[in-house]
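Numbers for residues simply follow the sequence, beginning at 1. Not measured: the values here are computed from a predicted model.
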Amino acid sequence: MRPRPRPPINGRGIFSGTGLIVTGLAATVVALLVPLWSYADRQDDPASASVLSAQTVTTPYGPLSAQDRDFVTKVRLAGLWELPAGELAQRKGTTPAVRTAGRHLVDGHTSLDAHVRTVATQLGIALPNEPNEQQRQWLATLDTAQGQDFDRQFAGLLRLAHGRVFSLVAQIRAGTQNSLVRDLADDANATVLDHIRILEATGYVDFGALARDLAASASPVPTPSEVDPGAAVPVEPSAADPSAGDPSAGQASQGRTSPGETVPLPPATSSPPPATTSP
């Protein structure tokens with residue numbers, strides 16, 4: 001008995017060999033076109049474009065990020081209150097070590113402020129002309145404090161502020177793509193480290209309280225209104241030199257005058273240790 005011939009197998013739409021190939025090609029085309037449509041939509045959105053342009057901009061010195069601009073502003077803000085604080089220490093400090101620390105702050109921020117204003121002009125970054133609210137409060141505290149209370153407040157507040165800035169400088173220096181910001185970070189690093197050492201040499205830094213304050217999350221403080229970099233007022237010592245007639249002025253003038261220069265520090269024993277409270 002002869003076997004009955006089988007009927008031919010007809011194609012089953014997209015599940016046939018040709019259909020599968022066509023479907024795969026169509027899916028590939030869709031996958032390529034969807035990102036392009038999505039990008040075009042974002043480009044037409046002014047809000048998205050402004051966010052992108054606000055993050056990083058191109059300069060002749062390399063890309064300038066939002067973090068870079070924030071760093072330049074913070075360096076300026078530091079000088080706006082730390083130089084006046086240094087002048088207060090020169091006038092009100094009860095020990096040569098505190099007055100020397102004040103002189104380092106004045107010298108360091110006079111030089112660093114000139115650097116930051118030059119960088120801001122070259123990069124077109126607006127700068128504040130006055131300290132922020134928290135910095136004004138710190139200056140008011142130092143202005144009213146007297147005697148050893150002033151010495152403790154001065155060393156504690158300035159060491160806390162420099163500790164916060166120190167970590168920011170390291171972060172920016174490690175990651176910035178802008179050569180001017182790198183140079184500024186190098187200068188700021190040398191200045192801040194010098195000030196940290198000279199403040200600790202006063203003998204008034206409470207390291208336990210400092211560690212707790214640095215670990216606590218700081219509340220955001222509004223930045224004062226900013227001005228065109230060409231209108232930024234230089235941070236400079238007062239016309240009346242507070243070190244005039246001060247027998248420790250010779251010692252105080254040994255502050256850092258150029259990045260990387262090392263100078264002898266006054267011993268911590270030149271001022272009494274911070275008072276401790278009984279448990």
Task: Atom pair CZ/CZ of Arg99 and Arg91 - distance to nearest 0.5 Å - done: 13.0 Å
Task: Phe71 vs Gln171, side-chain contact (heavy atoms from CB on, under 4.5 Å): CA-CA, chis, key distance, verdict - done: CA-CA 10 Å; Phe71 169 69; Gln171 177 185 352; over 6 Å; no
- [ ] Give, for atom CG of Asp187 and atom CZ of Arg182, the distance between the pair rounded to the nearest 0.5 Å.
- [x] 15.0 Å
- [ ] Measure the NZ-CG distance between Lys92 and Asp151 for me, rounded to the nearest 0.5 Å.
- [x] 10.0 Å
Task: Side chain proximity check, Val72 to Leu127, heavy atoms < 4.5 angstrom - done: yes
TODO: Just do the side-chain contact (heavy atoms from CB on, under 4.5 Å) check on Gln122 and Tyr61 with the steps written out, would you?
DONE: CA-CA 9 Å; Gln122 292 173 292; Tyr61 312 97; 3.7 Å; yes
Open item on the list: Using 0.5 Å steps for rounding, measure from the NE2 atom of His109 to the CZ atom of Arg76.
Closed with: 12.0 Å
Open item on the list: I'd like to check Asn189 versus Phe166 (side-chain heavy atoms, cut-off strictly below 4.5 Å). Are they in contact?
Closed with: yes
Task: Check: Asn178/Thr59 side-chain N/O donor and acceptor closer than 3.5 Å - done: yes
Task: Nearest non-hydrogen partners of Ala85 and Leu158, listed with the distance - done: CB-CD2, 4.0 Å
TODO: Could you tell me which non-hydrogen atom of Leu160 sits nearest to which non-hydrogen atom of Leu210, and how far apart they are?
DONE: CA-CD1, 3.7 Å
Open item on the list: For a 4.5 angstrom cut-off between non-hydrogen side-chain atoms, does Leu112 reach Leu184?
Closed with: yes
Task: side-chain contact (heavy atoms from CB on, under 4.5 Å) between Leu88 and Phe154, intermediate numbers included - done: CA-CA 9 Å; Leu88 286 173; Phe154 167 76; over 6 Å; no
Task: Flag side-chain contact, heavy atom, 4.5 Å: Thr191 against Ser111 - done: no
Open item on the list: Regarding Thr73 and Asp70, do their side chains bring together a donor and an acceptor under 3.5 Å, going by distance alone?
Closed with: no
Open item on the list: As an exercise, state the distance from CG of Leu64 to OG1 of Thr58, rounded to the nearest 0.5 Å.
Closed with: 9.5 Å
Task: Heavy-atom closest pair, residues Asp149 and Ala145 - done: OD2-CB, 3.5 Å
TODO: Would you check if there is a donor-acceptor pair between the side chains of His195 and His162 at a distance under 3.5 Å?
DONE: yes
Open item on the list: If I compare all heavy atoms of Ala188 with all of Val169, which pair ends up nearest, and what's the gap?
Closed with: CB-CG2, 4.1 Å
TODO: To the nearest 0.5 Å, tell me how far Leu168 CG sits from Lys74 NZ.
DONE: 6.5 Å
Task: Test item: Leu139 and Pro84 side chains (from C-beta on) under 4.5 Å apart, heavy atoms - done: yes
Open item on the list: Could you walk me through whether Val165 and Val75 satisfy the side-chain contact (heavy atoms from CB on, under 4.5 Å) test, starting with their C-alpha distance in whole Å, then the side-chain angles of each, then the deciding distance to 0.1 Å, before giving a yes or no?
Closed with: CA-CA 8 Å; Val165 172; Val75 172; 5.9 Å; no
- [ ] Quick one: closest heavy-atom pair of Tyr204 and Arg152, and the distance?
- [x] CD2-CG, 3.4 Å
- [ ] Please report the shortest heavy-atom distance between His104 and Asp194, naming the atom on each side.
- [x] ND1-OD2, 2.8 Å
